[in-house]
Amino acid sequence: MSTTLELSLPTPAASATPAPSRSYWRVVGRQLRRDPMALAAGLVLLLIVGAAVLAPWLAPADPYKASMLKRLLPIGSPGFLLGSDELGRDMLSRLMHGGRLSLLMGVVPVLAAFGIGTAIGLLAGYVGGRLNMVIMRVLDVFYAFPSVLLAVAISGALGPGMSNSLIALTLVFVPQVVRVAESVTTQVRQLDYIEAARMSGASAFSIIRVHVLGNVLGPVFVYATGLLSVSMILASGLSFLGLGVKPPEPEWGLMLNTLRSAIYVNPWIAALPGALIFITSIAFNLLADSVRSAMDIRR
């Protein structure tokens, strides 16, 4: 099943200005501050990101130090607040350090796809014609495969490893971002002020930079925010399959894989990495929905 997200694009014609004004973004920010769901999701993400970033200083133990005498200790054991894994390593420390790699693998591909996809979508949408047709037909090939299958296939072809997984996920998300950017750009280029800028002798680069980019970035940013949860799940899935981060590095998807054998002995320990993946993905989804709702005020 494909994980492609659906997004209702704002109509650029509804805007009276060539690009979103500062007052508009202030209103969006005020809407987000008044949204309890956005505040709750933001707080959860802040705690998770903060724990991951500060893991070297906050973690109570060395995440790589193993002890077979202390393997699979239950939650709440002395010196092991969240128990220990199959090799006797402190679960709390590994979860905190694992968040660094999991968040990195979830965010970096989306940021890369946001930049690459927006540039390609702007080019295809503004130039149009045969160039648009060629670009969009090539990208349609990627849509013939579910995102999960495509990520596994590309990562498998490139070989296991974190860098190859990042490349694979970026390639999965670029076509989706291009489609959104191209759609909005095609609508914007038909507006009157774009034609007026052309008649005034402005270059294509100047028109795109000054008049088109401001209208395109908003919808693409909202869409990319929604992709963060998908990226987290796909990245963890690649690590679970052995195509992502390699042992002994702590990463939530890889930890799920290594703890499979412990599910019948200590299921609560085995469920902890999956719970964090679920909570982080839900928080990203809720925040993306709140941002999209806040930006709909322009309609």
Side-chain angles (χ1 to χ4, degrees), residues 4-35 38 41-42 45 107-129 131-133 135-136 139 170 173-231 284-285 287-299:
T4 302
L5 301 180
E6 296 294 333
L7 177 66
S8 56
L9 299 176
T11 304
S15 174
T17 60
S21 63
R22 293 182 180 178
S23 60
Y24 162 69
W25 291 113
R26 283 198 294 267
V27 173
V28 171
R30 186 165 61 248
Q31 291 286 100
L32 289 174
R33 289 193 296 271
R34 294 177 177 177
D35 186 348
L45 289 175
V107 173
V108 169
V110 175
L111 291 177
F114 175 78
I116 298 171
T118 300
I120 297 175
L122 281 169
L123 178 64
Y126 187 81
V127 175
L131 179 63
N132 181 291
M133 183 184 67
I135 292 176
M136 300 312 294
L139 295 180
T170 301
F173 295 134
V174 163
Q176 302 178 27
V177 176
V178 170
R179 176 161 290 187
V180 176
E182 185 272 340
S183 177
V184 180
T185 303
T186 300
Q187 298 176 45
V188 171
R189 72 172 184 175
Q190 300 172 357
L191 299 181
D192 293 338
Y193 65 85
I194 299 295
E195 186 61 30
R198 290 197 193 99
M199 297 297 293
S200 68
S203 64
F205 176 78
S206 177
I207 294 174
I208 292 175
R209 181 176 60 85
V210 176
H211 301 292
V212 178
L213 188 61
N215 282 298
V216 173
L217 285 181
V220 176
F221 173 77
V222 174
Y223 187 83
T225 304
L227 288 176
L228 289 171
S229 61
V230 180
S231 183
F284 275 129
N285 256 334
L287 185 60
D289 288 341
S290 297
V291 171
R292 179 171 55 194
S293 299
M295 294 184 69
D296 280 346
I297 60 175
R298 294 182 65 193
R299 296 187 179 188

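Because the structure is predicted, anything quoted here is derived from the model rather than measured.
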Test side-chain contact (heavy atoms from CB on, under 4.5 Å) applied to Leu45 - qualifying residues, sequence neighbours left out
Thr280, Ala283, Phe284, Leu287
Which heavy atom of Asn215 sits nearest a heavy atom of Val188, and at what distance?
CB-CG2, 3.8 Å
Could you tell me the separation between the CG atom of Leu123 and the OG1 atom of Thr118, rounded to the nearest 0.5 Å?
12.5 Å
Residues Pro109 and Thr170: closest non-hydrogen pair is CA-OG1, 3.4 Å
Which residue is it: Arg292, Arg179, Gln176? I am looking for the one with a side-chain hydrogen bond (donor to acceptor under 3.5 Å, both in side chains) to Tyr223.
Gln176
Report yes if some heavy atom in the side chain of Ile120 is under 4.5 Å from a heavy atom in the side chain of Glu182; otherwise report no.
no
Any side-chain heavy-atom pair of Val212 and Thr185 under 4.5 Å:
yes
Quick one: OH on Tyr126 to CG on Leu131, what's the gap to the nearest 0.5 Å?
13.5 Å
Considering all heavy atoms, the nearest Val110-Ser231 contact:
CG2-CB, 3.7 Å
Flag the pair Phe114 / Thr225 as yes when at least one side-chain heavy-atom distance between them is below 4.5 Å, and no otherwise.
no
What one should report as the nearest heavy-atom pair of Asn285 and Gly226 is OD1-O, 4.2 Å
Residue set satisfying side-chain contact (heavy atoms from CB on, under 4.5 Å) with Leu111, at least two apart, ordered chain then number -> Val107
When rounded to the nearest 0.5 angstrom, what distance separates CZ in Arg189 from CD1 in Ile208?
10.5 Å
How would you list, by chain and number, every residue that makes a side-chain contact (heavy atoms from CB on, under 4.5 Å) with Pro175, sequence neighbours excluded?
Leu139, Phe142, Tyr143
